[in-house]
Amino acid sequence: DDSRQLGEVVVVGYGTQKKVNLTGSVAVVSGKDLTDRPVANMSQLLQGAAPNVNVSINGGMPGKSGSINVRGIASISGASSPLILIDGVEGSIDDVNPYDVESISVLKDASSAAIYGARAAYGVILVTTKNGRDGKTHISYNGMFGLGGLTARHDFETRGYYSAAIIDKFFSTYQGKNYTNFNDEDYYELWIRRNDRTENPERPWVVMKNNQYKYYGNTNWFDEIERSAGLTQTHNIAYSSGNDSGNYRASVGFVQLQGALKNSDMRNYTVKLDATQYAFNKKLKLELG
């Protein structure tokens with residue numbers, strides 16, 4: 001028997017090779033390197049984890065999926081997404097719980113097309129998930145709580161009198177008329193309410209005049225739509241076991257993210273079950289995943 005350390009061997013699509021003989025460009029990311037980062041999905045976890053793997057997040061919604069690109073733009077049409085295989089099956093990388101990942105291999109050069117075909121022209125991302133291997137029983141829990149907020153928050157002018165006056169001043173300079181169509185009486189109503197942080201019953205913020213509703217309030221609309229702090233929490237429970245007849249692993253994950261805007265929440269549940277049953281001997285086995 002020839003025993004080798006895993007660091008000396010690279011698994012490729014058609015067998016194993018020593019690292020010194022490997023001609024393709026491969027980047028390997030360990031699952032331990034991913035779970036230490038406090039983000040919710042796999043595409044965000046890949047940011048900065050592997051060289052020449054570019055992840056773009058277009059939008060600020062909680063748990064927003066990223067667009068993954070290997071080696072930059074490779075097509076004039078812009079369609080250059082890599083082939084993503086999860087335990088050998090094509091799928092979305094964000095469907096995988098980061099705590100279920102054993103390792104990620106990124107095949108970055110054209111030689112991967114010789115194994116996976118034309119679909120691999122823009123690179124291949126191989127995701128290997130965990131399973132029960134050592135014949136022992138393991139129960140693990142991993143959780144995280146955090147608070148997030150706006151990077152910068154400015155002190156905007158929200159009082160009705162000054163907001164309307166500033167807009168009308170600049171608009172009338174080049175248009176010759178006010179933007180708000182407020183008259184002197186309207187500005188007087190705004191002026192007497194300018195320091196009201198909350199609505200005074202003696203000076204209501206909405207008034208009916210000439211069969212029209214007039215708004216004279218000082219509502220801070222940024223406070224109405226933004227959170228001062230958003231909760232982030234993740235919980236993951238995994239059970240794995242094994243014996244001479246097979247290996248088993250089951251995991252349940254939960255992620256909650258609250259965005260900077262109120263009512264911009266994301267909740268995600270993941271359940272994964274893997275079972276390897278040796279039917280007759282260790283050369284003939286049945287896998288369920």
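- Put simply, the side chain of P82 does not reach to within 4.5 Å of the side chain of V124, judged on heavy atoms.
- By the criterion of side-chain heavy atoms lying less than 4.5 angstrom apart, applied directly or through intervening Ile, Leu, Val, Met, Phe, Trp or Tyr residues, Y162 is grouped together with L190 in one hydrophobic cluster.
- Between F182 and E189, every side-chain heavy-atom pair lies at or beyond the 4.5 Å cut-off.
- At a threshold of 4.0 Å, the pair K262-E224 does not count as salt-bridged, since none of the basic side-chain nitrogens sits closer than that to a carboxylate oxygen.
- Looking only at distances, a side-chain donor or acceptor of Q47 sits under 3.5 Å from a matching main-chain atom of V55.
- Not one N or O on the side chain of E199 forms a donor-acceptor pair closer than 3.5 Å with the backbone of P204.
- Here the shortest heavy-atom pairing between E226 and L261 reads CG-CD2, 4.1 Å.
- Of all heavy-atom pairs spanning I104 and I125, the tightest one is CG2-CG2, 3.7 Å.
- Heavy atoms only, all atoms of each residue included: G259 and R227 are closest at O-NH1, 2.9 Å.
- Aromatic ring centroids of W191 and Y161 lie under 6.0 Å apart.
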>> side chain to side chain contact (heavy atoms under 4.5 Å, CB included) for N131 and N247? Distances and angles first, verdict last.
In response: CA-CA 7 Å; N131 53 41; N247 300 316; 5.7 Å; no
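- Surrounding NZ of K177 are at most 12 heavy atoms belonging to other residues, nucleotides or ligands under 6.0 Å away.
- By the 6.0 Å contact criterion, OH on Y188 is open, its count of non-hydrogen atoms from other residues, nucleotides or ligands being 12 or less.
- Under 3.5 Å, the side chains of T129 and D100 contain no donor-acceptor pair of N or O atoms.
- Without hydrogens or angle criteria, D196 side chain to T198 main chain gives no donor-acceptor distance under 3.5 Å.
- Under a 3.5 Å cut-off, the side chain of S172 and the backbone N or O of K169 do form a donor-acceptor pair.
- Between A250 and L273 the shortest heavy-atom distance is CB-CD1, 4.0 Å.
- There is no path of hydrophobic side-chain contacts, each under 4.5 Å, that joins W221 to I225.
- At most 12 non-hydrogen atoms from other residues, nucleotides or ligands lie less than 6.0 angstrom from OH of Y213.
- Side-chain atoms of R197 and N218, non-hydrogen and from C-beta on, never get closer than 4.5 Å to each other.
- Residues D168 and Y179 have side chains that never bring a donor and an acceptor to within less than 3.5 angstrom of each other.
- Taken from OH in Y122 to CD1 in I68, the straight-line distance is 16.0 Å, to the nearest 0.5 Å.
- For the pair S92 and M42, the minimum side-chain heavy-atom distance is 4.5 Å or more.
- Side chain of E157 to main chain of R159: a donor-acceptor pair is present (N/O by atom type, distance under 3.5 Å, no hydrogens or angles).
- Residues D186 and N181 share a closest heavy-atom pair of OD2-O, 4.3 Å.
- Atom CZ of R194 sits in a crowded spot, with more than 12 heavy atoms from other residues, nucleotides or ligands closer than 6.0 Å.
- Inter-residue side-chain proximity for V207 and Y216 is flagged as met; some heavy-atom pair is nearer than 4.5 Å.
- For the pair T180 and Y187, the minimum side-chain heavy-atom distance is below 4.5 Å.
- To the nearest 0.5 Å, atoms CG (N97) and OG (S251) are separated by 6.0 Å.
- Residues I166 and Y174 fall into different hydrophobic clusters, defined by Ile, Leu, Val, Met, Phe, Trp and Tyr side chains chained together at heavy-atom separations under 4.5 Å.
- Sparse packing is recorded around CD of E202, with 12 or fewer heavy atoms of other residues, nucleotides or ligands lying under 6.0 Å away.
- At least one side-chain heavy atom of V127 sits less than 4.5 Å from a side-chain heavy atom of I93.
- Here the NZ-CE distance, from K214 to M208, works out to 11.5 Å after rounding to the nearest 0.5 Å.
- Taking the six-membered ring wherever Trp is involved, the centroid distance between the rings of H235 and F145 falls below 6.0 Å.
- Between K130 and D87 there is no salt bridge, since no side-chain nitrogen of the basic residue lies less than 4.0 Å from a carboxylate oxygen of the acidic one.
- Y99 and L45 sit in two unconnected hydrophobic clusters of ILVMFWY residues. Membership requires side-chain heavy atoms under 4.5 Å apart, directly or through other members.
- Atom CG of N183 is surrounded by more than 12 heavy atoms from other residues, nucleotides or ligands within 6.0 Å.
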>> What verdict does the side chain to side chain contact (heavy atoms under 4.5 Å, CB included) test give for V106 and V70, after you've listed the backbone C-alpha separation in whole Å, the side-chain angles of each residue and the deciding distance to 0.1 Å?
In response: CA-CA 9 Å; V106 183; V70 178; 4.3 Å; yes
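- Looking only at atom types and distance, the side chain of T219 has a donor-acceptor partner in the side chain of Y215 under 3.5 Å away.
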>> Determine whether R203 and I192 satisfy the following criterion, side chain to side chain contact (heavy atoms under 4.5 Å, CB included), listing intermediate values before the conclusion.
In response: CA-CA 8 Å; R203 299 184 294 273; I192 62 177; 4.1 Å; yes
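- Under the 4.5 Å side-chain contact rule for hydrophobic residues, V255 and L46 do not share a cluster.
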>> Determine whether E185 and K209 satisfy the following criterion, salt bridge (charged side-chain N to carboxylate O under 4.0 Å, His left out), listing intermediate values before the conclusion.
In response: CA-CA 11 Å; E185 183 181 357; K209 287 186 177 182; 3.0 Å; yes
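- Two residues are said to be in side-chain contact when any heavy atoms from C-beta on lie closer than 4.5 Å; M144 and T232 meet this criterion.
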